[in-house]
Each structure stands twice: as C-alpha cells, then as structure tokens.
Amino acid sequence: QRFAIAAIIQINYTYHTLLLQKMRLHLPLLYICASVGLSNGYSSSSSNQKQSRSPTNGDNNRRRTFLKNAIAAIATTTTSAVPIYSAANAVERAVGVGEQKCRTEGNCLEVGEWDGAVGWQWGGKDRCDPSDPLCSANGQMRVNANGEVPALPVPQVPTQITDVVQIEVNIGRTETRAIQIGLYGNDYPELVSEFKAFVAGDDGLTTTNPLFFQQGYGVSAAPVTLKVGGVLNRVYPQQKLEFGVPSQSSSYAKRIGKSRAPDDFVPQPRPAPSTIASSSKTAKIVRKHDVAGLVSVPMDGLGYASSGASDDEAFANAFDITAAADANADKRGKLVIGQVMDVEGMDAVLRLSSLPVSKGIAGVLPGQNFGPPLVKVSVKGTGFVGTAPAAIAVASAAGADSQ
C-alpha cells in the first residue's frame with residue numbers, strides 16, 4: 001500500500017511538472033494520496049495489520065476503495081483546474097490575485113508566490129495573441145495611450161558600409177519580415193568575411209579541411225550556414241536578439257532530406273581565433289553597443305559566444321542584433337561589425353524583440369526573463385544586396401533625424 005501511495009504521488013507530481021514546463025500553469029502539487037491515505041484507508045488497515053500479517057478481505061476492500069477514491073480525486077481536481085487547451089491558447093497561464101498583489105507590494109518571495117518572485121508576466125485571460133504583430137513580450141499590445149505603435153530609430157552610419165546583406169525571417173506561419181544589414185568591412189575585414197560566409201555566402205562558413213566535403217573521404221560534412229536551419233534562437237525582450245544554427249546535425253539532415261544526420265557526420269568547429277582575435281583586438285572600435293539595430297559578434301569570431309557548447313551547437317548564438325543600448329556587451333568582448341540599414345529593418349527588430357518568450361532556463365525552468373520565442377522564427381532566406389549607396393544615405397538621414 002505504501003508503494004501504491006508513493007507511485008500515485010509520483011505520477012501526480014510528474015504530471016503537474018510537465019504542465020508547468022509546457023503550459024506555464026501555476027498549479028500546486030496535489031499530495032492528495034498522502035493525506036487521504038493517512039487519514040482513511042491506510043490508518044484503518046494499519047490497526048488490523050498489528051493483529052495479523054495476513055491480509056483479510058476487509059483489508060483488500062479498503063485498499064481498493066482507497067486507491068479508487070484517490071485516483072478519482074486526482075482526476076476530478078485536475079479536470080476542474082486545467083482547462084482544455086487548443087493550439088491557439090496553449091501558452092495561457094492564469095495569473096492569481098495573490099501573484100498580482102505580491103508584485104505590487106514587492107514581497108513575492110516572502111509570501112511564497114514563486115511565479116511572481118521569478119518575474120513571470122506572461123499569461124492570464126487578458127493576454128494578446130502571440131502571433132499578432134503588435135503583441136509584446138509581457139502579453140500586452142505594443143500601442144501607447146494615443147493608439148500609436150512605438151518605433152526604433154535607424155542608427156547613424158559611423159563609417160563606410162562595404163556590403164549589405166538581407167535576412168528574411170518567417171514569424172510563425174503567416175508573417176514575414178526582412179532585415180537589411182550594412183557591414184563595416186574596412187574596419188573588421190576578418191570578422192565581416194566570416195559573417196558574410198555564414199549569413200549569405202553561396203556555400204556557407206567552412207572551418208574544417210575542404211576534403212571533408214568530398215565523396216569517399218569517409219565522413220559526412222557540410223559548411224554551416226544561416227540559410228539551412230537558421231533561427232532566432234533566443235529573445236531578450238526589448239534588449240537583443242540572438243540568431244544562429246542550434247544544431248548542425250539537424251541542419252545537415254534537413255539539407256539531405258533525412259530525419260537525422262548519419263553517424264559519420266562531422267560538424268564545423270569554431271574557427272581558429274588566433275588571426276581574427278589579434279586583428280580584432282588591435283582594430284579601432286568603430287562604435288559601442290549604444291543604440292538599437294547594431295550587429296554584434298564575439299571578438300574571437302563566430303561560434304565563441306557559447307564557448308562551453310559542443311561543436312554541433314557552436315553556432316547556436318552566432319551573432320546578436322541589439323534592440324536597445326547594451327553596455328555589458330562591450331565588456332564581454334563583443335564588437336559591432338554592422339547595423340540595420342532602414343526603417344523596415346528596425347521595425348522588424350522591434351517586432352522580434354517584443355515576441356512573447358518561453359522564459360526560464362532553456363524555456364523550461366524558472367529563473368530568467370529571456371528564452372526562445374513562443375512563436376517559432378526561422379530564417380526563410382538570405383542574400384547580398386550590395387553596397388546600396390542610396391539606402392545608406394537614407395539610413396544616415398533617418399538616423400540623424402531621430403537621434
């Protein structure tokens with residue numbers, strides 16, 4: 001009987017843990033089995049067990065009744081507490097009165113309102129649809145009191161733009177946005193060359209021996225590129241966007257039309273940092289991370305933003321685009337190698353940085369206010385636009401007018 005009680009408690013705990021992880025519901029763990037068992041069936045049967053170690057029909061009936069009532073209680077409570085979720089509202093999480101009150105008073109941790117303490121703001125009946133272009137990270141619409149949608153100014157151009165690349169992304173299944181990025185190729189030639197190969201190159205970025213790509217060499221390999229498997233990997237609401245390829249093996253499988261990569265697949269490792277790092281550290285800093293719309297990469301090169309990750313996941317956070325000033329990025333050894341070029345691109349940055357996210361560690365455990373977007377953002381296509389002098393002039397004028 002003790003085993004049965006423990007098993008049902010574990011099932012109940014696991015079920016609600018999954019609900020917390022997948023649907024962000026604030027449901028207490030229901031230890032009904034323990035309370036019911038100790039107060040009813042179990043306490044009654046223990047007195048009989050003192051008299052005889054052999055179970056009687058009465059003992060068996062009490063056990064069956066106890067288990068039946070416990071399971072029914074769990075099912076009833078779970079059914080009443082959990083609404084039926086469709087794909088449209090699968091992320092809804094009720095916000096209790098206590099949670100709202102503790103946020104106002106600033107004592108969530110002291111009173112045990114854990115969701116309020118860790119800063120979850122997403123959920124509730126008044127939340128907006130995450131697929132709505134005006135829906136922001138906290139579940140509210142991006143419209144001010146005058147009914148106007150806020151806008152981000154285009155950054156001023158501080159140096160010569162050598163190349164312009166475009167990244168087109170799909171937001172969910174119905175929305176597409178494009179971001180044109182001007183690059184400071186004269187100031188950071190090695191980093192910009194890497195960036196161009198990764199984002200818009202015909203083949204992608206190669207860091208291994210090219211012989212790996214030839215048939216008969218004994219391994220499966222391919223250059224890593226944002227064009228295949230590239231996503232908006234993580235959103236820091238109203239702060240920055242992280243783009244990259246989360247898994248090279250998954251991207252390779254997609255490239256060859258298979259469900260998984262072959263066992264002999266070899267991912268592209270991080271590029272050797274020696275040449276790039278030395279030239280980057282001695283180069284003049286063109287600009288700091290002082291406004292929205294700046295493209296930022298690690299000083300050592302693409303792939304070094306998450307140095308602890310495996311080679312397969314090395315380019316999961318290949319580059320950032322700021323959605324606000326980020327002074328910490330300057331201290332973390334990152335360099336601004338380019339910028340968003342036009343109003344359309346800045347609107348896309350604002351839209352993406354306002355997406356609701358799966359907050360917590362990897363979008364599962366509470367404790368941080370950033371994560372992958374709830375609406376999947378995948379790279380639809382990339383390409384070179386050219387130097388586009390007219391676009392640069394327009395961008396400069398727009399930036400000057402808005403600063």
Side-chain angles (χ1 to χ4, degrees), residues 155 158-159 162-163 165 167 179 181-201 204-208 223-226 229-236 239-248 251 267-340 349 352-353 368 370-372 379 382:
T159 186
T162 57
D163 304 273
V165 298
I167 302 173
I179 304 175
I181 296 171
L183 298 171
Y184 310 151
N186 290 339
D187 301 281
Y188 307 110
E190 292 88 357
L191 288 174
V192 168
S193 177
E194 267 191 9
F195 183 87
K196 289 192 299 181
F198 175 75
V199 173
L205 178 62
T206 299
T207 60
T208 57
V224 58
T225 172
L226 196 68
V231 297
L232 172 58
N233 194 40
R234 190 177 294 168
V235 174
Y236 292 72
Q239 296 179 27
K240 68 177 180 179
L241 310 169
E242 291 184 357
F243 284 90
V245 177
S247 169
Q248 293 187 59
S251 299
Q268 298 297 300
R270 297 169 181 83
S274 55
T275 304
I276 295 176
S278 59
S279 61
S280 299
K281 290 176 181 177
T282 56
K284 178 183 177 182
I285 301 298
V286 175
R287 74 182 311 162
K288 295 184 177 180
H289 297 74
D290 52 1
V291 294
L294 304 180
V295 177
S296 172
V297 299
M299 185 178 294
D300 289 338
L302 272 65
Y304 286 89
S306 51
S307 56
S310 65
D311 284 347
D312 186 58
E313 301 173 347
F315 297 90
N317 174 20
F319 65 93
D320 303 338
I321 300 180
T322 62
D326 184 8
N328 289 328
D330 299 313
K331 302 174 184 177
R332 293 195 301 267
K334 290 198 170 185
L335 291 175
V336 177
I337 64 166
Q339 64 179 76
V340 177
V349 170
L352 295 173
S353 68
Q368 57 190 34
F370 58 86
V379 175
T382 65

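Owing to the predicted nature of the structure, the values given are computational and were not obtained by experimental measurement.
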Exercise: identify the closest heavy-atom pair between [X] and [Y]:
| X | Y | result |
| --- | --- | --- |
| Ser251 | Gly229 | OG-CA, 3.5 Å |
| Gly230 | Val245 | CA-CG2, 4.2 Å |
| Ala292 | Ala324 | CB-N, 3.7 Å |
| Pro158 | Arg287 | CD-NH1, 3.6 Å |
| Phe319 | Val199 | CE2-CG2, 4.0 Å |
| Val231 | Pro246 | CG2-CG, 3.4 Å |

The test is side chain to side chain contact (heavy atoms under 4.5 Å, CB included); show your working for Ser296 and His289 and say whether it passes. CA-CA 8 Å; Ser296 172; His289 297 74; 2.8 Å; yes

To the closest 0.5 Å, what do you measure between [atom1] ([X]) and [atom2] ([Y])?
| X | Y | atom1 | atom2 | answer |
| --- | --- | --- | --- | --- |
| Leu232 | Glu242 | CG | CD | 8.5 Å |
| Glu194 | Thr207 | CD | OG1 | 9.0 Å |
| Phe315 | Leu226 | CZ | CG | 12.0 Å |
| Leu302 | Asn317 | CG | CG | 9.5 Å |

Can you tell me if [X] uses its side chain to pair, donor with acceptor, with the backbone of [Y] under 3.5 Å?
| X | Y | answer |
| --- | --- | --- |
| Tyr188 | Val286 | yes |
| Thr322 | Lys240 | no |
| Ser193 | Pro189 | no |
| Gln268 | Thr208 | yes |
| Tyr236 | Gly371 | no |
| Thr206 | Pro223 | no |
| Thr162 | Gly185 | yes |

Residue pairs involving residues 310-319 (criterion salt bridge (charged side-chain N to carboxylate O under 4.0 Å, His left out); sequence neighbours excluded):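 Counting only pairs at least two positions apart or across chains, the salt bridge (charged side-chain N to carboxylate O under 4.0 Å, His left out) contacts touching residues 310-319 are Arg270-Asp311.
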
Kindly state each residue pair satisfying salt bridge (charged side-chain N to carboxylate O under 4.0 Å, His left out) with at least one member in residues 327-336, sequence neighbours excluded.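 Salt bridge (charged side-chain N to carboxylate O under 4.0 Å, His left out) check on residues 327-336 returns Asp320-Lys334, Asp326-Arg332.
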
Are [X] and [Y] packed together at the side-chain level, in the sense that at least one heavy-atom pair is separated by less than 4.5 angstrom?
| X | Y | value |
| --- | --- | --- |
| Pro155 | Leu294 | yes |
| Thr225 | Phe198 | no |
| Leu241 | Val349 | yes |

In sequence, state the C-alpha distance, the side-chain angles, and the governing distance for Phe370 and Gln239, and then conclude on side chain to side chain contact (heavy atoms under 4.5 Å, CB included). CA-CA 10 Å; Phe370 58 86; Gln239 296 179 27; over 6 Å; no

Before you tell me yes or no, could you show the steps for Leu335 and Leu191 under side chain to side chain contact (heavy atoms under 4.5 Å, CB included), namely the whole-Å CA-CA distance, both residues' side-chain angles and the distance that decides it to 0.1 Å? CA-CA 9 Å; Leu335 291 175; Leu191 288 174; 3.8 Å; yes

Evaluate salt bridge (Lys or Arg N to Asp or Glu O under 4.0 Å) for Asp187 paired with Lys284, printing each intermediate quantity in order. CA-CA 7 Å; Asp187 301 281; Lys284 178 183 177 182; over 6 Å; no

Passing option when Val295 is tested against Val336, Ile181, Val192 for side chain to side chain contact (heavy atoms under 4.5 Å, CB included):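 Only one option passes, and that is Ile181.
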
Only counting residues at least two apart or in another chain, list the ones meeting side chain to side chain contact (heavy atoms under 4.5 Å, CB included) with Ala200. Val165, Thr382, Phe384

Derivation and outcome, side chain to side chain contact (heavy atoms under 4.5 Å, CB included), residues Asp163 and Phe195: CA-CA 11 Å; Asp163 304 273; Phe195 183 87; over 6 Å; no

